[in-house]
Engineer: 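Please find one structure pasted underneath; my questions will follow.
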Amino acid sequence: MTRARRLARFAPLVLLAILTAAPTAAAQPAKPAAAPPGTSATPAARPARPAAEGCVTCHLEIGDERLAQPAKLFDGDIHKAKGFGCVACHGGDGKSTDLEAMDPAKGYIGKPGRQQVAQVCGRCHSDARFMKQYNPALRVDQVAEYATSVHGRRLRELADPKVATCGSCHPAHSIKPPSDPASSVHPLRVARTCGACHADATTMAGYKIPTDQLAKYTESVHWKTMSAKGDLSAPTCNDCHGNHGAAPPGISWVGNVCGQCHTVMADLFAKSVHARAFRDLGVPGCAACHENHDVQPASTEMLGLGGRAICSTCHEAKSKGGRAALEMRGIIDGLRKERDHASEILERAEQAGMEVSQARFDLNGANDALVKARAAVHAFKVDAVKKEADAGLGIAQKAYERGVRALEELRFRRTGLVVSLVIIVVLIAGLVLKLRQLERRTGSPVKG
Ligand code: HEC
Ligand code: HEC
Ligand code: HEC
Ligand code: HEC
Ligand code: HEC
Ligand code: HEC
Ligand code: HEC
Ligand code: HEC
Ligand code: HEC
């Protein structure tokens, strides 16, 4: 999107931020003393080396923790690493070593207020040309996106003092890239960062939304996949809600976000009767059956009308939907049973020393079919489930038959073994008898 279009679309906040950021400063009139934040420090080019600033020296010596803390923390900040100092955000005169350093005439803005923060950050982060010098891959839409979020809108329209600003999620003096495990926005830490407000009943008192998102999320299959298995492809808060906006670009409604990862289910669901019916009823898509924060591993028990089934919440047993639910359940359970039978018999054959590895390999096809049949549930058509399951049933039956044959072969071989043993024993016995007979006939040869 071009900057102009973004400007047209988004709020005055963005306009202000981008205008103050514009490095076309030459075309602007001389800046007034009470310039917008940091105008005098408008970055034109990257600093050659970290600025040795009087700000830091004095602030470390003041002996007031509130004033010293930022200077201490700043050592671990990405901006320090990139060569910026305090002036980059606060303005002022970095070369001065006395209080003159904080002269508003030198662009000093003091501690940015909540309404100001996005402008302070956006001065650089909304300026593609400037940011490109550092990292061409970095997005430059954070301020614009933030302005569209519930946080940004409430800040602008209601001056809500509790919503998140840039500094709430990126603590001002220890900002780190999301890839840094110590960053407040590293995937494993985001939930806690959001939870600092959303799970805190005191902060959220007075709002009409629950405070259980963090608690529920940390019980979900998504968090467990991420935290226990270290699989960072599972979603955390910002994957579903957007890093900075209400939802990621292209996703009009956060409820649709599941399909970004679970594409097969989403495609089937989108074409199903439920897609329209749910929209008309205002039922939240996938989350109606899976929850949004407390997503649990899916199981066939969800399907049908009994115990843990979800279909029964809307369908009666006798309705078309109810009957379909039961049928799908029957088909999937049937395939699973056939697969288990086949697997069992092959295992027995294998333990008995029969060679059935090819059949065991082939049985993977039935596993695949089971996965596909379970996914096909999302078409909410019996035929769709049946089609996938039938393919698997064929494979499972063949594998089962191979198991039966292997066991028969084993039985045959065992019988053969017994028969040959009997023959050998009989032969040996006959031989012994014959020897005895010969001995008796020639008398006792060893006497004397
Ligand atoms: C000679 C010591 C000294 C120097 C140099 C100095 N400061 Fe300060 N700074 C102070 C003192 C003292 C205060 C507290 C004064 C107050 O609260 O008004 C302060 C307060 C601040 C505050 C907090 C303002 C608030 O409203 O809470 C910020 C931000 C700040 N300084 C930034 C800077 C920056 C940026 C520089 C360098 C351009 C700088 N300081 C240089 C001594 C200094
Ligand atoms: C990336 C931007 C940025 C840089 C760089 C930065 N600050 Fe700040 N600073 C902020 C913001 C934003 C706040 C407002 C409070 C907040 O959001 O935490 C703030 C607040 C402060 C405060 C007030 C703290 C308080 O608790 O009241 C002081 C003092 C301060 N900064 C000093 C400094 C000093 C000294 C440096 C250099 C070592 C510095 N800042 C560098 C953005 C920055
Ligand atoms: C003076 C310009 C400037 C200002 C002001 C500024 N930043 Fe930055 N910021 C940068 C640059 C340059 C980088 C380094 C980008 C890179 O190399 O990846 C950066 C990096 C970051 C990163 C890490 C990005 C990444 O993935 O590497 C975050 C997060 C960030 N800034 C947040 C903020 C916030 C929040 C504020 C306001 C409190 C702010 N910045 C103010 C210039 C600025
Ligand atoms: C509600 C929390 C939240 C707020 C408010 C917020 N951010 Fe972020 N920000 C995040 C998260 C989470 C990420 C990590 C995204 C990821 O994993 O790539 C992020 C990433 C970033 C990055 C790295 C590049 C990118 O876009 O992924 C920058 C730069 C940044 N934020 C700047 C800002 C600025 C500037 C503001 C204020 C306009 C802001 N953020 C407000 C949560 C927030
Ligand atoms: C500084 C506190 C704070 C932080 C941190 C914070 N939020 Fe919020 N958030 C709020 C407040 C306050 C509201 C307004 C509540 C309302 O909408 O009624 C809000 C609103 C929301 C809403 C809209 C709720 C609705 O339906 O009205 C969503 C979604 C949201 N936040 C997600 C997040 C996510 C995701 C994060 C972390 C990346 C986060 N928030 C971090 C304070 C915070
Ligand atoms: C798997 C996707 C997903 C994840 C992960 C996720 N959310 Fe949500 N969240 C949703 C959906 C879907 C809704 C319902 C939105 C709607 O009705 O428009 C929602 C609703 C919300 C709301 C509105 C109030 C409510 O509870 O309905 C808030 C606030 C919120 N989420 C915060 C968070 C926070 C904080 C986290 C991380 C701890 C998080 N979410 C993680 C998908 C997710
Ligand atoms: C950023 C990608 C992503 C998003 C977005 C996402 N998921 Fe997931 N989901 C995963 C990953 C990764 C797993 C764990 C691996 C697996 O089993 O597929 C998972 C697991 C699941 C499972 C358990 C699957 C099982 O094996 O039983 C369900 C159900 C689920 N997600 C539903 C949802 C719903 C509903 C949403 C939206 C509210 C959603 N997911 C959003 C990536 C995502
Ligand atoms: C009407 C209820 C319903 C809706 C709506 C629904 N699902 Fe499901 N989903 C199920 C049932 C039932 C199962 C379990 C099927 C089984 O295990 O036999 C399931 C299973 C899953 C699984 C696990 C599949 C596996 O192989 O382990 C995922 C992932 C999933 N659904 C994602 C989604 C997504 C994404 C959406 C939205 C696009 C969605 N579901 C909508 C009922 C639903
Ligand atoms: C939130 C309520 C709700 C849930 C839960 C739900 N359905 Fe439905 N279902 C509907 C609505 C509404 C319709 C469309 C109205 C209708 O024709 O009955 C529908 C239609 C259907 C149809 C088509 C019926 C027809 O008349 O052609 C089938 C099949 C179906 N659902 C199966 C299921 C299955 C299987 C489940 C459980 C995995 C399920 N539904 C869960 C609300 C729901």
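Just so you know, ligand 1 is whichever comes first in the structure, and atom 1 is the first atom listed for that ligand. Only heavy atoms go into these numbers, but all of them, side chains included; no hydrogens, no water, no symmetry mates.
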Engineer: So which N/O/S atom does H90 have closest to atom 8 (Fe) of ligand 2?
Structural biologist: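 Atom name of the closest N, O or S in H90: NE2.
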Engineer: State whether C86 contributes an N/O/S atom found under 2.8 Å from atom 8 (Fe) of ligand 2.
Structural biologist: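 So C86 does not bind atom 8 (Fe) of ligand 2 by this criterion.
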Engineer: Under a 3.5 Å distance rule, please check whether K106 uses its side chain to pair with a backbone N or O of G91 as donor and acceptor.
Structural biologist: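 Answer holds: no.
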Engineer: Have a look at V257, N292, T218, D294 and point out the one with the heavy atom closest to atom 12 (C) of ligand 6.
Structural biologist: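 Result: the heavy atom closest to atom 12 (C) of ligand 6 is in N292.
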Engineer: Taking 4.0 angstrom as the limit and counting only heavy atoms of T97, give me the atoms of ligand 1 inside it, by number and element.
Structural biologist: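 Selected atoms, number and element: 1 (C), 5 (C).
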Engineer: Give me the nearest non-hydrogen protein atom to atom 13 (C) of ligand 1 as residue plus atom name, then the distance to 0.1 Å.
Structural biologist: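 Sorting protein heavy atoms by distance from atom 13 (C) of ligand 1 puts L67 CD1, 3.5 Å first.
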Engineer: Going by the order shown, which atoms of ligand 1 are within less than 4.0 Å of some heavy atom of D98?
Structural biologist: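 Selected atoms, number and element: 1 (C), 5 (C).
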Engineer: In terms of ring plane angle, is the pair H315 and H274 parallel, tilted or perpendicular, where the classes change at 30° and 60°?
Structural biologist: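 Geometry flag for H274 against H315: tilted rings.
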Engineer: Looking at H198, which atoms of ligand 6 are within less than 4.0 Å of one of its heavy atoms?
Structural biologist: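 Here the atoms of ligand 6 in question are 29 (C).
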Engineer: Could you tell me which atoms of ligand 6, counted from 1 in the order shown, lie closer than 4.0 angstrom to a heavy atom of C194?
Structural biologist: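 Here the atoms of ligand 6 in question are 35 (C).
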Engineer: Just going by heavy-atom distances, which of H173, K111, R114, E53 is nearest to atom 9 (N) of ligand 2?
Structural biologist: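 Looking at heavy atoms only, the winner is H173.
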Engineer: Hey, which atoms in ligand 1 end up nearer than 4.0 Å to a heavy atom of C58?
Structural biologist: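 Once the distances to C58 are compared, the set is 1 (C), 2 (C), 3 (C), 4 (C), 5 (C), 42 (C), 43 (C).
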Engineer: Is the distance between the ring centroids of H244 and Y146 under 6.0 Å?
Structural biologist: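 Between Y146 and H244, the centre distance exceeds or equals 6.0 Å.
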Engineer: Quick one: nearest non-hydrogen protein atom to atom 41 (C) of ligand 1, plus distance?
Structural biologist: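 Answer, as residue, atom name and distance: C55 CA, 3.4 Å.
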Engineer: Going by heavy-atom distance to atom 24 (C) of ligand 6, choose the closest among H222, H262, Q213.
Structural biologist: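 It is Q213 whose heavy atom sits nearest to atom 24 (C) of ligand 6.
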Engineer: Looking only at side chains, do R329 and T300 share a donor and an acceptor under 3.5 Å apart?
Structural biologist: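 R329 vs T300: no donor-acceptor pair found between side chains.
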Engineer: Measure from atom 35 (C) of ligand 1 to the protein's non-hydrogen atoms and state whether any distance is below 4.0 Å.
Structural biologist: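 So far as the 4.0 Å threshold goes, atom 35 (C) of ligand 1 is in reach of a protein heavy atom.
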Engineer: Charged N to carboxylate O below 4.0 Å: is that the case for R139 and D141?
Structural biologist: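 Here R139 pairs with D141 in a salt bridge, since their nearest N and O are under 4.0 Å apart.
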Engineer: Of the protein's non-hydrogen atoms, which lies at the shortest distance from atom 30 (C) of ligand 1, and what is that distance?
Structural biologist: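 Checked against all protein heavy atoms, atom 30 (C) of ligand 1 sits closest to Y108 OH, 3.3 Å.
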Engineer: Less than 4.0 Å between a side-chain N and a carboxylate O, is that true for E65 and K72?
Structural biologist: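 E65 and K72: salt-bridged.
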Engineer: Quick one: does R66 get a heavy atom under 4.0 Å from ligand 1?
Structural biologist: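 Checking ligand 1 against R66, which is what was asked, there is a heavy-atom contact under 4.0 Å.
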Engineer: Contact between ligand 6 and P210 is defined here as a heavy atom of the residue under 4.0 Å from a ligand atom; is it met?
Structural biologist: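 Distance cut 4.0 Å: P210 passes for ligand 6.
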Engineer: For Y217 and D212, which I'm curious about, is there any donor-acceptor pair between the side chains at under 3.5 Å?
Structural biologist: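 No, because no side-chain N or O of Y217 sits under 3.5 Å from a partner of the opposite role on D212.
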Engineer: Does H241 bring an N, O or S atom to under 2.8 Å of atom 8 (Fe) of ligand 6?
Structural biologist: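 Yes, since at least one N, O or S atom of H241 sits under 2.8 Å from atom 8 (Fe) of ligand 6.
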Engineer: Which atoms from ligand 1 have a heavy atom of I62 less than 4.0 Å away?
Structural biologist: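 So the answer, numbered in order with elements, is 10 (C), 11 (C), 12 (C), 42 (C).
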Engineer: Measuring from non-hydrogen atoms of M102 to any atom of ligand 1, is the shortest distance under 4.0 Å?
Structural biologist: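 Judged by the 4.0 Å heavy-atom criterion, M102 does count as contacting ligand 1.
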Engineer: Which of the numbered atoms in ligand 6 are under 4.0 angstrom from any heavy atom belonging to C240?
Structural biologist: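 That gives atoms 1 (C), 2 (C), 3 (C), 4 (C), 5 (C), 42 (C), 43 (C) of ligand 6.
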Engineer: Please confirm whether the backbone N or O of A287 pairs with a side-chain atom of N292, one donor and one acceptor, at under 3.5 Å?
Structural biologist: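 Not at all, since once roles are kept as given, no pair shorter than 3.5 Å links the two residues.
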Engineer: Between D200 and T203, does any side-chain donor sit less than 3.5 Å from a side-chain acceptor?
Structural biologist: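 The answer is yes; a qualifying pair exists.
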Engineer: Does atom 15 (C) of ligand 1 have a protein heavy-atom neighbour under 4.0 Å away?
Structural biologist: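 No; the ligand atom in question lacks any protein heavy-atom contact below 4.0 Å.
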Engineer: At what distance, to the nearest 0.5 angstrom, does OG of S272 lie from CZ of F278?
Structural biologist: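 The CZ atom of F278 is 7.5 Å from OG of S272, to the nearest 0.5 Å.
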Engineer: Enumerate the atoms of ligand 1 whose separation from the nearest heavy atom of D93 is less than 4.0 angstrom.
Structural biologist: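 Answer for ligand 1: 38 (C).
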Engineer: Within ligand 6, which atoms have a heavy atom of T236 less than 4.0 Å away?
Structural biologist: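 Taking each heavy atom of T236 in turn, ligand 6 has 5 (C) under 4.0 Å.
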Engineer: List ligand 2 atoms under 4.0 Å from A172, heavy atoms only on the residue side.
Structural biologist: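 So the atoms of ligand 2 that pass are 10 (C), 11 (C), 12 (C), 18 (O), 42 (C).
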Engineer: How about Y134 and F84: are their ring centroids closer than 6.0 Å?
Structural biologist: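 They qualify: ring centres under 6.0 Å apart.
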Engineer: What atom name does the N, O or S atom of H59 nearest to atom 8 (Fe) of ligand 1 carry?
Structural biologist: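 The H59 atom nearest to atom 8 (Fe) of ligand 1, restricting to N, O or S, is NE2.
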Engineer: Run the numbers for me: atoms of ligand 2, each under 4.0 Å from some heavy atom of V56, listed by number.
Structural biologist: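 Checking each atom against V56, I get 38 (C).
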Engineer: Determine whether the side chain, the backbone, both or neither of D239 has a heavy atom under 4.0 Å from any heavy atom of ligand 6.
Structural biologist: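 Within the 4.0 Å criterion, D239 makes no contact with ligand 6.
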Engineer: Nearest protein heavy atom to atom 18 (O) of ligand 1: under 4.0 Å?
Structural biologist: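 Under 4.0 Å from atom 18 (O) of ligand 1, zero protein heavy atoms found.
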Engineer: Judging by distance only, is a nitrogen or oxygen of D212 under 3.5 angstrom from one on ligand 6?
Structural biologist: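 No, there is no polar N/O contact under 3.5 Å.
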Engineer: Tell me whether ligand 1 is touched by G91 - counting only heavy atoms on the residue side and a distance under 4.0 Å.
Structural biologist: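 The answer is yes, since G91 has a heavy atom less than 4.0 Å from ligand 1.
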Engineer: Just let me know how C237 lines up against ligand 6, side chain, backbone, both or neither, with a heavy-atom cut-off below 4.0 Å.
Structural biologist: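 The part of C237 near ligand 6 is both the backbone and the side chain.
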Engineer: State if A71 counts as touching ligand 2 under the rule of any non-hydrogen atom under 4.0 Å.
Structural biologist: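 True for this residue.
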Engineer: Compare H290, E291, H293 and give the one whose heavy atom is closest to atom 20 (C) of ligand 6.
Structural biologist: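 Nearest option to atom 20 (C) of ligand 6, by heavy atoms: H293.
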